[in-house]
Amino acid sequence: MDYSGKWALRARGIGQKLGILRPAVRAFRKLTRQSYEEAFDRALMSAIRPGDTVWDVGANVGVYTTRFADAVGETGRVVAFEPSPASIEALRSACSGRGNIEIVNAALSDQAGTVDFYVSREGHSVTDGFSPKSPSDVKVEVQAAPGDDWLRLGQPAVIKIDVEGFELEVIR
């Protein structure tokens with residue numbers, strides 16, 4: 001399915017504003033029996049070539065970051081963006097000793113400055129993001145900047161975006 005079409009982007013925007021995007025996506029996947037992760041993984045990894053620059057936006061703890069680093073090889077580069085203070089240390093640990101990974105402790109967004117970010121009290125979580133998921137989430141301020149501000153690190157051939165419903169802000 002093409003999620004970049006005009007109707008899909010409009011539906012995502014409406015779902016995000018109404019706060020129903022994630023449940024709607026889960027229901028769609030269950031109804032269609034689509035294994036999103038497997039299809040995503042195959043498509044993404046097949047697009048990467050040795051020597052490429054890959055941006056991992058929402059790198060979390062580096063699962064994809066390290067795989068991308070292997071795929072681009074010594075002549076390529078991976079730029080891993082992760083704003084979560086809870087996840088950044090695990091990301092740095094997973095990527096230590098790899099000379100082809102640049103870690104940026106910031107969020108990509110449609111504006112520069114600081115933004116509110118919500119983290120789980122239990123430590124790094126895949127649900128950390130720009131809106132609270134639990135009443136116990138802690139609000140912190142993180143740095144944000146448009147992607148154009150980071151082009152000095154390399155023009156990306158492939159960009160992976162996993163930012164818990166704020167993909168449109170990253171793309172803008």
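The minimum heavy-atom distance linking Ile48 with Ala71 is given by the pair CG2-CB, 3.7 Å. Between Ala43 and Ser46 the shortest heavy-atom distance is O-OG, 3.0 Å. The heavy-atom pair separating Ala80 from Ala59 by the smallest distance is CB-CB, 3.8 Å. The two residues Asp52 and Ala47 come nearest to each other via the heavy atoms OD2-O, 3.9 Å. Contact record, Val61 with Ala90: CG1-CB, 3.7 Å, taken as the closest heavy-atom pair.
You'll find the side chain of Ile101 stays beyond 4.5 Å of the side chain of Phe68, heavy atoms only. Side-chain contact between Val163 and Val57 is present, with heavy atoms from C-beta onward closer than 4.5 Å. Counting only heavy atoms from C-beta outward, the side chains of Leu91 and Asn60 never approach each other to under 4.5 Å. Side-chain contact between Thr66 and Cys95 is present, with at least one heavy-atom pair separated by less than 4.5 Å.
Remark: Arg92 engages Ile88, Glu89, Ile103, Asn105 in a side-chain contact (heavy atoms from CB on, under 4.5 Å) (not counting sequence neighbours). Under the rule for a side-chain contact (heavy atoms from CB on, under 4.5 Å), the partners of Asp70 that lie at least two apart in sequence or sit in another chain are Arg98. Among residues two or more places apart in sequence or in another chain, the side chain to side chain donor-acceptor pair (under 3.5 Å) test is passed with Tyr64 by Asp41. Under the side-chain contact (heavy atoms from CB on, under 4.5 Å) criterion, Lys17 pairs with no residue, sequence neighbours left out.
Atom CE of Met45 sits about 10.0 Å away from atom CZ of Phe40, to the nearest 0.5 Å. Between the CD1 atom in Ile161 and the CD atom in Glu169 there is a gap of 11.0 Å [rounded to 0.5 Å]. Atom NZ in Lys160 sits 3.5 Å away from atom CG in Asp56 (nearest 0.5 Å).
Ile171 and Ile14 sit in two unconnected hydrophobic clusters of ILVMFWY residues. Membership requires side-chain heavy atoms under 4.5 Å apart, directly or through other members. Hydrophobic clustering of Ile, Leu, Val, Met, Phe, Trp and Tyr side chains at less than 4.5 Å, counting indirect connections, unites Leu108 with Val115. Residues Val104 and Phe166 are members of one and the same hydrophobic cluster, defined by side-chain heavy-atom contacts under 4.5 angstrom among Ile, Leu, Val, Met, Phe, Trp and Tyr. Linking ILVMFWY side-chain heavy atoms closer than 4.5 Å, directly or via other members, places Val170 and Val79 in a single hydrophobic cluster.
Ser87 places no side-chain N or O within 3.5 Å of a backbone atom of Ser84 that could act as its donor or acceptor partner. Using modelled atom types, no side-chain atom of Arg77 and backbone atom of Glu74 make a donor-acceptor pair closer than 3.5 Å.
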Check: residues 137-159 side-chain donor-acceptor pairs under 3.5 Å, at least two apart:
residue	atom	partner	partner atom	Å
Asp137	OD2	Lys133	N	2.8
Asp137	OD2	Ser134	N	3.2
Arg152	NH1	Asp149	O	2.6

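Among pairs with a residue in residues 41-61, those fulfilling ring pair (Phe, Tyr, Trp, His ring centres under 6.0 Å) read Trp55-Phe81, at least two apart in sequence or across chains.
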